[in-house]
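Notes follow once the structure below has been shown.
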2 protein chains.
Amino acid sequence: MQNSEALALTAVLLAAAGELTQRINDGVLARGFEARPAYGFAFTRLAPDGATVTELGAHLGVTKQAASQLVEELVRKGYAERRPHPEDARARLIVLTERGWECTRAAEEAAAEAVRSWVAVLGEGQVRLLRDQLSRIAPHGPIRPAW
Amino acid sequence: MQNSEALALTAVLLAAAGELTQRINDGVLARGFEARPAYGFAFTRLAPDGATVTELGAHLGVTKQAASQLVEELVRKGYAERRPHPEDARARLIVLTERGWECTRAAEEAAAEAVRSWVAVLGEGQVRLLRDQLSRIAPHGPIRPAW
DNA sequence: GAAAATGGTCAAGCAGCTTGACTACTTGAC
DNA sequence: GTCAAGTAGTCAAGCTGCTTGACCATTTTC
């Protein structure tokens, strides 16, 4: 594979990721939630059993201070709440509120809607293959903005 | 495809795009260029015959003011230069300098290097397929940060 | 128990974008 | 030709989301 092709791959990858992200965010906004893309990735970490601020920061690849600011924002908008941590009095467990869960479901719906247009072009099997291939090469590190 | 799978696709897509972008940037830095990811996407627009500030802004999906600041940065670092536009005295044609071309080639090499690790996992054919599939669904609009 | 490490927050600073205002030039109507 | 409207580019100020640095409360380590 030529060098220029590798750069082209990067470009389409970024373009696809960027478009998908934006369409999901638009869909979430259209469903009446005040959100930005980072929320979604925070939600996926908070969803199962909650997380501490530091854990959230690690998941998003930002400092704990930045994560703390994000949490403050989520709390202010009613998507999450701080609870005392059951095992560590220094820490707080950040969990989703009911509205936070609603917003998460809205994001999933919006994502499904956006992906549907890809299915229309490539077919379901190819999209599934795409996801499987990407999951094999995607890093397991933090989710970060692409630049 | 379930809603949650669609969100998972978005996550791996972003993770892959983000990692690739960062590895390319690291590779470019390692080759002795002072750069950030946005440069690469600016270069691809400037490369063939140059472009105006406004055109560059449209390509990157930012305002012409932001594009103007980026150009100022590229000029200051020696990657590009402003020339009078041959057909419009209001405009300036921004073209790459020799060092700008070198940086572009460095980015291509770094990209090829990063993609090579994917080829090692998926095989060349699958990576090529990946690129082809993505290019069919990637928007033809501006290249923007994923969030 | 004391020292070091860790979780969280406050505060200040910074990078990269935005909007608004302006000048220089071009385009189009008459 | 002339003049109004539109466009290219820049300057300036402001905003957002991150960073680094400092600090307190609590936990861990020895």
Side-chain angles (χ1 to χ4, degrees), chain A residues 14 18 21-22 25 29 34-43 45-46 49-77 79-95 142-147, chain B residues 14 18 21-22 25 29 34-42 45-46 49-77 79-95 141-147:
Chain A
L14 258 171
T21 302
Q22 181 163 356
N25 201 52
L29 294 177
E34 196 183 349
R36 54 190 177 93
Y39 290 11
F41 299 97
F43 289 168
R45 182 65 184 81
L46 299 178
D49 305 297
T52 66
V53 163
T54 300
E55 286 165 352
L56 184 58
H59 180 247
L60 296 176
V62 299
T63 60
K64 59 180 182 174
Q65 291 92 327
S68 182
Q69 291 171 1
L70 176 60
V71 167
E72 172 57 29
E73 207 177 315
L74 293 176
V75 169
R76 200 178 58 239
K77 292 184 180 166
Y79 297 135
E81 60 184 15
R82 297 188 182 91
R83 292 193 183 158
H85 195 286
E87 293 159 12
D88 188 339
R90 294 170 303 180
R92 302 181 182 201
L93 194 62
I94 315 300
V95 297
I143 301 285
R144 293 245 44 192
W147 90 65
Chain B
L14 258 172
T21 303
Q22 181 164 355
N25 201 52
L29 294 178
E34 196 182 350
R36 54 190 178 94
Y39 289 13
F41 299 97
R45 182 65 184 80
L46 298 178
D49 304 298
T52 66
V53 163
T54 299
E55 286 165 353
L56 184 58
H59 180 249
L60 296 177
V62 297
T63 60
K64 60 181 183 173
Q65 292 92 327
S68 183
Q69 290 170 2
L70 176 61
V71 166
E72 173 57 31
E73 206 177 315
L74 293 176
V75 168
R76 200 178 59 239
K77 292 183 180 166
Y79 297 135
E81 59 184 17
R82 297 188 183 91
R83 293 194 184 158
H85 195 286
E87 293 159 11
D88 188 338
R90 294 170 304 179
R92 301 180 183 201
L93 194 63
I94 316 300
V95 297
I143 302 287
R144 294 247 42 193
W147 91 64

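Letters A, B, ... are given to chains in the order of the sequence lines, protein chains preceding strands, and every chain is numbered from 1.
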Tell me whether the OP1 or OP2 atom of [N] has a side-chain N or O from [X] closer than 4.0 Å.
X: A:R92; N: D:dT26; value: no
X: B:S68; N: D:dT10; value: yes
X: B:T54; N: D:dG9; value: yes
X: B:R82; N: D:dG9; value: no
X: B:R36; N: C:dA15; value: no

Considering every strand and a 4.0 Å limit on heavy-atom distances, what is the contact class for A:T52: base, sugar-phosphate, or nothing?
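Sugar-phosphate only.
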Within the structure shown, what part of the strands sits under 4.0 Å from A:A66 by heavy-atom distance: base, sugar-phosphate, or nothing?
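Counting heavy atoms under 4.0 Å across all strands, the contact made by A:A66 includes a base.
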Is a donor-acceptor contact shorter than 3.5 angstrom present between the side chain of [X] and the base of [N]?
X: A:E73; N: D:dT16; result: no
X: A:Q65; N: D:dG21; result: yes
X: A:E87; N: D:dT27; result: no
X: B:R90; N: D:dT7; result: yes

For a quick test of reading the model, state the closest non-hydrogen atom pair linking A:L93 to A:D49 and the distance between them.
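Heavy-atom minimum between the residues: CD2-O, 3.8 Å.
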Shortest non-hydrogen contact between B:A80 and B:I94, atoms and distance:
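Shortest heavy-atom contact: CB-CG2, 4.1 Å.
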Decide yes or no on side-chain contact (heavy atoms from CB on, under 4.5 Å) for B:L60 and B:L70, but give the supporting numbers first.
CA-CA 11 Å; B:L60 296 177; B:L70 176 61; 3.5 Å; yes
Is it true that the side chains of B:E73 and B:Y39 contain a donor and an acceptor less than 3.5 Å apart?
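Per modelled atom types, B:E73 and B:Y39 side chains form a pair under 3.5 Å.
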Report for the helix from C:dG1-D:dC30 to C:dC30-D:dG1: angle between first-end and last-end helix axes, five pairs each, rounded to 10 degrees.
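Between the first-five-pair axis and the last-five-pair axis there is 30°.
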Between P of D:dT16 and OH of A:Y39, the distance in whole Å:
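Answer to the nearest Å: 12 Å.
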Starting at NZ of A:K64 and ending at C1' of D:dC23, how long is that distance when rounded to a whole Å?
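Those two atoms, NZ and C1', are 10 Å apart.
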Not counting sequence neighbours, which residues clear salt bridge (charged side-chain N to carboxylate O under 4.0 Å, His left out) with B:R92? List them please.
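Expected list: none.
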Please tell me which of the listed nucleotides, D:dC18, C:dC25, D:dG9, lies nearest to the side chain of B:A89?
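In terms of side-chain proximity for B:A89, the closest of D:dC18, C:dC25, D:dG9 is C:dC25.
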Of the candidate nucleotides C:dG8, C:dC17, D:dT19, which contains the atom at the shortest distance from the side chain of A:V62?
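My answer, after comparing the listed nucleotides, is D:dT19.
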Is B:R82 salt-bridged to B:E72, cutoff N-O under 4.0 Å?
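Counted as a salt bridge, because a side-chain N and a carboxylate O are separated by less than 4.0 Å.
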Pairs involving residues 53-70 of chain B, ordered by first then second residue, that meet salt bridge (charged side-chain N to carboxylate O under 4.0 Å, His left out) (sequence neighbours left out)
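Qualifying pairs: B:R45-B:E55.
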Whichever of A:D88 and A:T63 has its nearest DNA chain D nucleotide further upstream toward 5':
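Comparing both residues, the 5'-ward one is A:T63.
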